[in-house]
**Q** 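One structure is given below, represented as structure tokens, and several questions about it will come after.
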Amino acid sequence: MAREYSSLHFTKIAFKPLHTNLFNIVLLSFFLSLGCSDLYSQDIKKKQTSIPSKKQEVKKPIKEDSIKNPLAESPTDTIKLDTIKVKKNFLNGKVKYKAEKYARIEQKKKLITLYDKAELYYQDVELKSGIIVMDYEKNEVYAGRIKDSLGNYTQFPNFKQGSNVIEPDSIRFNFKTKKALIWNSRSSQGEFNVKAAITKKENDSVYFLKGARFTTSKDVDNPEYYFQTNKIKFIPGKKIVTGFTNMVIEGVPTPLFLPFAYFPLSKETSTSGIILPSYNDSNDKGFSLQNGGYYFALSDHYNLTLLGDYYTNGSYGINAQSSYANRYHYQGNVNIRFENNIISERGYPDYSKTKIYNIQWSHSQDSKANPNSTFSASVNLGSSEYFKQTINQVNVGSSLNNTLSSSISYSTVFHSVPESRISLTATHSQNTNTKVINMTLPTLQFSLDRIYPFALNDGAKKGIFKNINLQYNLNGKNSFVTTDSLFFKPEMFRDGELGFQHTIPVSTNFKIFKYFSVSSSLNYEEVWYFNTIDKHYDDQLSTVVTTDVKGFDSFRTYSSSTSVGTTIYGTFNFGDDKIIKSIRHIMRPAISHSYTPSFEKYYDTYATDGSGTMQKDYTRFEGGMYGTPGMNSSNFVGFNLSNTFEAKVADKDSTKTEPKKIMLLNNLNFSTSYNFDAKELAWAPVRVSGGTQFFDNKLSANFGATFDPYAIDNSGNRIDVFNINNGGSLFRMTSANLTMNYSISSTKEKKEKDKNDQGKRNGGREDDLFGSNIDANNIRKSQFDEDNEGEDVVSEFFRSKLPWDMTFAYSLTYGNNNREKKITGNSIMISANADLTPKWKAGISTGYDFVQKGVTFTQLRFERDLLSWRMAFNWTPFGDSASWNFFIGIKSGVLSDIKWEKRKLTNQ
């Protein structure tokens with residue numbers, strides 16, 4: 001049943017004189033007082049009922065009776081009737097309503113009663129409830145629950161005005177004053193869910209609540225925790241101000257209380273605010289406050305977080321983090337950390353003081369922003385000891401990794417003829433063991449697209465001559481080699497080197513005898529240096545002195561290469577009635593030749609002593625970033641054979657008619673070479689490598705081995721004697737390796753977000769074989785994948801289908817360079833994560849080294865989902881990285897400061 005109120009409309013009524021139709025006048029006045037003139041006019045609409053909305057006056061001329069007054073000389077007295085007026089309408093718009101059982105209109109009481117699944121829409125108010133009673137004379141509406149057949153209350157009111165939604169037991173609302181009285185209201189504001197015994201709505205923007213509780217729990221009627229207060233002033237979208245507030249956990253009041261509380265609310269994605277520090281203590285640094293600071297919500301496109309740590313022994317740390325994004329243009333983040341670490345106290349033998357820092361910057365450009373130009377950055381630089389000594393982060397993968405690298409690049413394309421490209425790149429590579437830093441500021445790369453001088457622009461490029469093409473490439477570097485302690489100091493820039501490399505490759509490819517592919521190239525290279533060396537004997541120092549020579553110098557080289565290859569297919573059929581129906585073997589043999597002449601003209605000699613004895617040749621370009629010209633010619637012939645094996649087997653699914661393809665060996669490669677210009681040891685060792693995958697590509701295995709045809713002497717040096725002629729086998733296996741990786745999970749594919757992105761960014765691994773990354777700045781983040789959406793999790797423990805994943809890695813290396821025949825490496829690593837129950841998560845990363853006979857890095861991870869809360873424990877029980885961390889706190893970001901955490905990191 002659905003009806004709609006609209007403005008009152010009148011039909012034309014022909015009035016007769018009063019003395020002839022007095023009954024009609026009385027009847028008209030009665031209906032007009034009810035606001036129902038349509039009933040009198042017999043123009044009743046069955047699907048639409050109208051209520052007067054404007055002040056109307058009905059004036060009709062009434063014929064007068066002329067009564068002669070004998071006492072007066074005036075002709076007559078005039079009898080006048082009062083004008084009949086319609087009462088003012090109480091509604092200012094259309095009212096739409098419907099109900100399941102009935103919608104009753106009581107004209108005398110000015111009431112509309114809707115019962116069972118009742119709905120009412122008026123102005124910006126939407127009201128749904130079991131029963132709704134609207135008094136359109138007082139402009140009020142009442143809504144409440146109804147009982148079902150079992151006597152239980154059902155169909156609770158749902159009151160929505162604008163963007164505010166309230167779900168009470170009952171509500172009384174005045175459309176004119178906008179005031180409301182609400183019993184047991186339930187509403188959501190951001191991450192807060194609020195329930196109050198009585199709520200008084202003062203106006204559109206202010207609510208007063210009595211006997212209220214607010215929580216971030218999803219179930220506001222039975223929350224696992226809440227804040228209880230008797231008085232609340234609530235301004236939607238802005239703030240909540242409370243009186244005396246007590247925290248209640250599982251129905252038990254706690255000693256945690258506040259005399260008053262203020263909670264800011266905002267419809268914005270983020271707001272600025274203070275970040276409360278966490279308390280901790282350490283044996284060698286004392287008591288501390290960590291990760292306290294301020295969050296700046298600067299704009300919708302970027303933010304800033306400033307954090308600090310302070311220890312009572314004088315240690316401190318500063319951290320600045322910023323994320324920025326501009327949709328369809330770019331996004332990135334910056335993380336800068338500085339720590340002043342003091343261990344023990346001055347005067348004690350174990351006292352030490354170090355200053356360490358780390359700078360991370362990641363920037364990526366949207367491909368839609370500019371199709372011709374791109375800018376990207378991936379920076380990870382700082383102190384070599386940072387990840388080993390930091391007090392705020394644990395990541396064994398980062399601490400074991402001995403290389404930090406960075407790259408900032410800009411590139412653009414010029415749509416010329418031919419097309420050209422240019423890029424500028426700043427790179428950084430840092431060895432954390434040797435503390436040597438290599439940096440280029442910048443690297444210039446310029447290239448011209450291929451030019452086919454003997455082919456038309458639109459013509460086919462077939463044959464030797466039409467396929468001849470050339471390119472031009474320019475590479476320039478401003479390179480610096482320094483150490484950790486001299487990074488970005490004047491000494492670093494003083495020893496900088498500048499150089500340019502020009503290359504012009506000319507190549508072609510064609511077929512011979514239909515089945516053989518031939519590719520040939522001629523390479524010209526020219527190198528410019530601005531720093532060279534000079535070696536001479538110094539009589540005063542009685543030694544050979546190497547001096548740097550500033551100024552322009554260059555050398556030019558050229559080389560050629562040719563390769564011939566083909567593809568051979570072979571199939572072994574076993575019959576359609578066999579499980580293995582056939583095996584396909586693909587061979588790709590190739591023979592290559594490369595030649596580089598001698599450039600001994602760039603070599604000089606120098607005296608080694610005062611007698612004038614000359615030393616062997618040297619080149620002034622030694623140590624150059626683009627290498628040196630070769631003194632000896634090289635004339636190599638290379639041999640390479642790659643193999644692939646596939647099988648067709650009967651599919652387990654009998655409904656499928658086609659056999660299933662299985663990869664037996666992805667590749668099996670053999671390679672070696674022979675140098676015609678070598679006077680001895682002309683044959684290079686034979687290298688064998690291969691790889692394959694098993695179990696639906698979940699297990700990957702790769703292997704390799706090196707076989708040397710030459711024998712070695714008692715000192716382990718190669719000699720120009722074949723091993724078979726020295727009493728050995730045809731080949732001597734000098735090394736071998738085997739690696740296997742296996743990943744499996746309860747889902748078909750492991751999700752991308754499961755990867756340890758921060759660990760990889762720090763320079764470690766993207767998986768958790770070396771444990772998950774622990775960042776004390778963001779300990780609230782789960783160590784596991786919290787998104788179990790779509791998983792079939794049932795309540796019975798033994799029938800539960802719970803998410804899990806496992807990563808397995810095995811490595812084996814064999815060494816026999818000096819006939820030691822020794823296993824140099826043999827280790828296994830395993831990482832596993834599983835949901836023990838729908839609320840308990842556990843993970844482990846561990847391994848065993850069979851050579852060193854010891855357990856490798858081990859990390860245990862536990863986490864408990866407490867609905868609105870999260871409890872986590874991370875423990876590395878032994879080793880140099882031994883540490884543990886415990887955390888319990890509210891998940892919601894708005895109450896992130898309500899937490900308790902305790903930890904002992906590696907250096908504490």
**Q** Apply side-chain contact (heavy atoms from CB on, under 4.5 Å) to the pair Ser429 and Thr403, showing each step before the final yes or no.
**A** CA-CA 7 Å; Ser429 179; Thr403 303; 4.2 Å; yes
**Q** Could you tell me whether Asp713 atom CG has more than 12 heavy atoms of other residues or ligands within 6.0 Å of it?
**A** yes
**Q** Between the main-chain N or O of Pro418 and the side-chain N or O of Ser416, is there a donor-acceptor pair closer than 3.5 Å?
**A** yes
**Q** First locate atom CG of Asp604, then atom CD1 of Ile533, and finally report the distance between them rounded to the nearest 0.5 Å.
**A** 10.0 Å
**Q** Looking at Glu600, I want to see if its CD is surrounded by more than 12 non-hydrogen atoms of other residues, nucleotides or ligands under 6.0 Å.
**A** no
**Q** Find the distance between CZ (Arg718) and CG (Asn817) and round it off to the nearest 0.5 Å.
**A** 10.0 Å
**Q** Test your reading of the model: is there a side-chain donor-acceptor pair from Ser406 to the backbone of Asn380, 3.5 Å cut-off?
**A** yes
**Q** How far apart are the C-alpha atoms of Leu444 and Leu424, what are their side-chain angles, what is the distance that settles it, and do they pass the side-chain contact (heavy atoms from CB on, under 4.5 Å) test?
**A** CA-CA 5 Å; Leu444 168 67; Leu424 290 172; 3.7 Å; yes
**Q** Which distance, rounded to the nearest 0.5 Å, do you find between the CG of Asn475 and the CE of Met625?
**A** 9.5 Å
**Q** Does Leu404 reach the side chain of Leu381, with side-chain heavy atoms less than 4.5 Å apart?
**A** no
**Q** Taking the side chain as everything from C-beta on, heavy atoms only, tell me whether Phe639 gets closer than 4.5 Å to Phe670.
**A** no
**Q** Please report whether the ring centroid of Phe636 lies less than 6.0 Å from that of His593.
**A** no
**Q** Does the ring center of Phe645 lie less than 6.0 Å from the ring center of His585?
**A** yes
**Q** Using a strict cut-off of less than 4.0 Å between a Lys/Arg side-chain nitrogen and an Asp/Glu carboxylate oxygen, indicate whether Arg421 and Glu419 qualify as a salt bridge.
**A** yes
**Q** Sort out for me which residue in Ser633, Ser634, Ser598 forms a side chain to side chain donor-acceptor pair (under 3.5 Å) with Asp677.
**A** Ser633
**Q** Looking just at side-chain N and O atoms, do Thr619 and Thr628 make a donor-acceptor pair shorter than 3.5 Å?
**A** no
**Q** Can you find a pair of side-chain heavy atoms, one from Leu730 and one from Phe707, that are under 4.5 Å apart?
**A** no
**Q** Hey, is Lys477 close enough to Glu497 for a salt bridge, meaning N to O under 4.0 Å?
**A** no
**Q** For Ser521 and Ser561, does a side-chain donor sit closer than 3.5 Å to a side-chain acceptor?
**A** yes
**Q** Between Ser671 and Arg687, do the side chains contain an N or O donor and an N or O acceptor separated by less than 3.5 Å?
**A** no
**Q** Using side chain to side chain donor-acceptor pair (under 3.5 Å), reason through His415 and Asn372 one step at a time and then give a plain yes or no.
**A** CA-CA 9 Å; His415 296 289; Asn372 299 322; 2.8 Å; yes
**Q** Tell me whether the count of non-hydrogen atoms from other residues, nucleotides or ligands lying under 6.0 Å of NZ in Lys535 goes above 12.
**A** yes
**Q** Would you please test Ser423 and Ser409 for side chain to side chain donor-acceptor pair (under 3.5 Å) and show each step?
**A** CA-CA 7 Å; Ser423 67; Ser409 64; over 6 Å; no
**Q** Strictly by modelled atom types, are Asn469 and Ser507 linked by a side-chain donor-acceptor pair under 3.5 Å?
**A** yes
**Q** Does a side chain donor of either Asp538 or His536 reach within less than 3.5 Å of an acceptor in the other side chain?
**A** no
**Q** Look only at the side chain of Asn467 and the backbone of Asn509, and say whether a donor-acceptor pair between them is shorter than 3.5 Å.
**A** yes
**Q** Check ring-ring contact (aromatic ring centres under 6.0 Å, His included) between Tyr814 and all other residues, then give those that pass, not counting sequence neighbours.
**A** none
**Q** Are Ile583 and Thr571 packed together at the side-chain level, in the sense that at least one heavy-atom pair is separated by less than 4.5 angstrom?
**A** no
**Q** Report yes or no: does Asn675 contribute a side-chain atom to a donor-acceptor pair with the main-chain N or O of Asn635 at less than 3.5 Å?
**A** yes
**Q** Can you confirm whether more than 12 heavy atoms, excluding those of Phe552, are under 6.0 Å from its CZ atom?
**A** yes
**Q** Return yes if some donor-acceptor pair links the side-chain N/O of Ser700 with the main-chain N/O of Gln693 below 3.5 Å, else return no.
**A** no
**Q** Other residues, nucleotides and ligands only: do more than 12 of their heavy atoms fall within 6.0 Å of CD1 on Ile719?
**A** yes
**Q** Give every residue pair that meets the side chain to side chain donor-acceptor pair (under 3.5 Å) criterion with at least one member in residues 719-734, sequence neighbours excluded.
**A** Asp708-Arg732
**Q** Quiz question: by atom type and distance under 3.5 Å, do the side chains of Ser517 and Lys511 form a donor-acceptor pair?
**A** yes
**Q** Any chance you could measure Asn643, atom CG, to Met587, atom CE, to the nearest 0.5 Å?
**A** 7.0 Å
**Q** Is the centre of the Tyr606 ring less than 6.0 Å from the centre of the Tyr618 ring?
**A** yes
**Q** Could you please spell out the steps behind the side-chain contact (heavy atoms from CB on, under 4.5 Å) verdict for Phe500 and Tyr626?
**A** CA-CA 8 Å; Phe500 293 90; Tyr626 295 111; 5.5 Å; no
**Q** Could you walk me through whether Ser519 and Ser563 pass the side chain to side chain donor-acceptor pair (under 3.5 Å) test, one step at a time?
**A** CA-CA 6 Å; Ser519 62; Ser563 65; 2.8 Å; yes
**Q** Is any side-chain heavy atom of Met439 closer than 4.5 Å to a side-chain heavy atom of Met492?
**A** yes
**Q** Do the two ring centres, one from Phe493 and one from Phe480, sit under 6.0 Å apart?
**A** yes
**Q** Sub-3.5 Å donor-acceptor pair from the side chain of Thr672 to the main-chain atoms of Ala684, do we have one?
**A** yes
**Q** Ser411 and Thr374: side-chain donor and acceptor closer than 3.5 Å?
**A** yes
**Q** Taking the six-membered ring for Trp, are the ring centroids of Tyr558 and Phe599 within less than 6.0 Å of each other?
**A** yes
**Q** Measuring from Met829:CE to Asn741:CG, what's the distance to the nearest 0.5 Å?
**A** 8.0 Å
**Q** If you take the centroid of each ring, where Trp contributes its six-membered ring, are Phe375 and His363 closer together than 6.0 Å?
**A** yes
**Q** Does the side chain of Thr443 come under 3.5 Å of the side chain of Thr425 through a donor N or O and an acceptor N or O?
**A** no
**Q** Could you go through the side chain to side chain donor-acceptor pair (under 3.5 Å) check for Ser384 and Asp484 one step at a time?
**A** CA-CA 7 Å; Ser384 298; Asp484 194 337; 2.8 Å; yes
**Q** Measuring from Asn640:CG to Asn669:CG, what's the distance to the nearest 0.5 Å?
**A** 6.0 Å
**Q** Would Tyr674 and Phe676 count as a close aromatic pair, with their ring centres under 6.0 Å?
**A** yes
**Q** Examine the side chains of Asn816 and Lys822 and answer whether a donor and an acceptor come within less than 3.5 Å of each other.
**A** no
**Q** Whether the side chain of Tyr710 engages the backbone of Trp683 through a donor-acceptor N/O pair (distance < 3.5 Å, no angle test) should be reported.
**A** yes
**Q** Applying side-chain contact (heavy atoms from CB on, under 4.5 Å) to Thr824 and Val851, what does each step give before you reach the verdict?
**A** CA-CA 7 Å; Thr824 57; Val851 175; over 6 Å; no
